[in-house]
Amino acid sequence: MNPVAVIDFETTGLSPAMGDRATEIAIVLLEDGKVVDRYQSLMNAGVRISAFIEDYTGISNEMVRAAPPAAEVMAEAARFVGDVPLVAHNASFDQRFWAAELARLGADERAVPSFACTMLLSRRLYPEAGSYRLGALASFHALPSAGRAHRAMADAEVAAALLSRIQGDIQRQYAVDDVPHGLLVKLQRCQRKALPKAIEGYFQALRDHA
DNA sequence: TGCCAGGCCCTCTTTAGGGCCTT
């Protein structure tokens with residue numbers, strides 16, 4: 001299976017459009033269901049972190065003041081990811097911050113790649129899960145704890161374990177050898193009953209293209 | 001200081017509203 005990069009941001013709030021900035025990023029490279037590399041850094045975007053967010057993430061103004069500049073960290077993160085496709089939990093959130101922080105470096109926001117989303121996939125694959133928060137899905141699947149929740153690397157590790165579980169379940173349930181990123185992106189937009197047809201259609205298109 | 005968004009998805013729906021999920 002080709003590698004994917006599972007990414008998680010900690011930020012000052014919910015919306016880069018409202019001035020919120022990233023405070024920490026973690027990236028886990030996953031290949032064949034195994035972690036093969038990691039990147040993690042706090043970053044200083046020069047903005048104040050509210051008391052609520054300090055409490056929520058455990059990331060303080062003092063910690064961020066001592067961290068490298070956000071531009072430096074994001075450039076490193078982009079180099080680390082390279083052309084590897086991206087995955088996140090509730091990916092629309094991380095995709096917005098990925099685009100916004102890289103746009104500050106001069107990157108084209110329209111060129112942001114499509115993310116696969118472990119939350120959307122879980123909604124389709126595990127209708128009995130009840131809650132689709134990352135921590136709730138980790139409990140549902142009995143995934144190993146990776147440290148303090150709401151820190152970037154701990155959450156990225158859990159999301160990577162969830163993705164590995166998702167890929168394995170798709171392989172078993174639908175008798176396929178591989179679950180490439182493009183298939184994940186396709187399935188996260190599918191109704192549950194349409195999953196088998198979508199999987200067959202995806203691999204048929206690959207064969208037609210070959 | 002306190003507040004903010006956006007996309008998905010369900011239903012008491014589609015001429016809409018509200019909960020969930022991310023920080």
Could you run down nucleotides 16-23 of chain B 5' to 3' and tag each one B, S or - for protein heavy-atom contact under 4.0 Å?
----BBBB
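- Atom CE in A/M18 sits about 17 Å away from atom P in B/dG2, given to the nearest Å.
- Taking atom C1' on both nucleotides, B/dG18 is separated from B/dC12 by 12 Å, rounded to a whole Å.
- Judged purely by distance below 3.5 Å, without hydrogens or angles, the side chains of A/D20 and A/T12 pair a donor atom with an acceptor atom.
- To the nearest whole angstrom, the two P atoms, one in B/dG7 and one in B/dC3, are 24 Å apart.
- Across the C1' atoms, B/dC8 and B/dG2 are found 28 Å apart, a figure rounded to whole Å.
- A gap of 12 Å separates the C1' atoms of B/dC4 and B/dT23, to the nearest Å.
- Looking at residues two or more places apart in sequence or on another chain, you find a side chain to side chain contact (heavy atoms under 4.5 Å, CB included) between A/L86 and A/A5, A/I7, A/V81, A/W98, A/P113, A/F115.
- The neighbour count for A/R124 CZ, taken as heavy atoms of other residues, nucleotides or ligands under 6.0 Å away, is above 12.
- With C1' as the reference atom, B/dC10 and B/dT14 are 13 Å apart, rounded to whole Å.
- Ring geometry for A/F97 against A/F93 counts as tilted: the plane angle lies between 30° and 60°, on a 0 to 90° scale.
- Atom CD of A/Q95 is separated from atom P of B/dG7 by 10 Å (rounded to the nearest Å).
- Within the nucleic acid shown, A/R48 has no heavy atom closer than 4.0 Å to any nucleic acid atom.
- Of the possible polar contacts, one joining the A/S122 side chain to the A/T118 backbone as a donor-acceptor pair under 3.5 Å is found.
- Counting to the nearest Å, the P atom of B/dG6 and the CZ atom of A/F97 are 11 Å from each other.
- B/dG19 and B/dT13 have their P atoms separated by 16 Å, with the value rounded to a whole Å.
- Checked against side chain to side chain donor-acceptor pair (under 3.5 Å), A/Q173 has no partners two or more places apart in sequence or in another chain.
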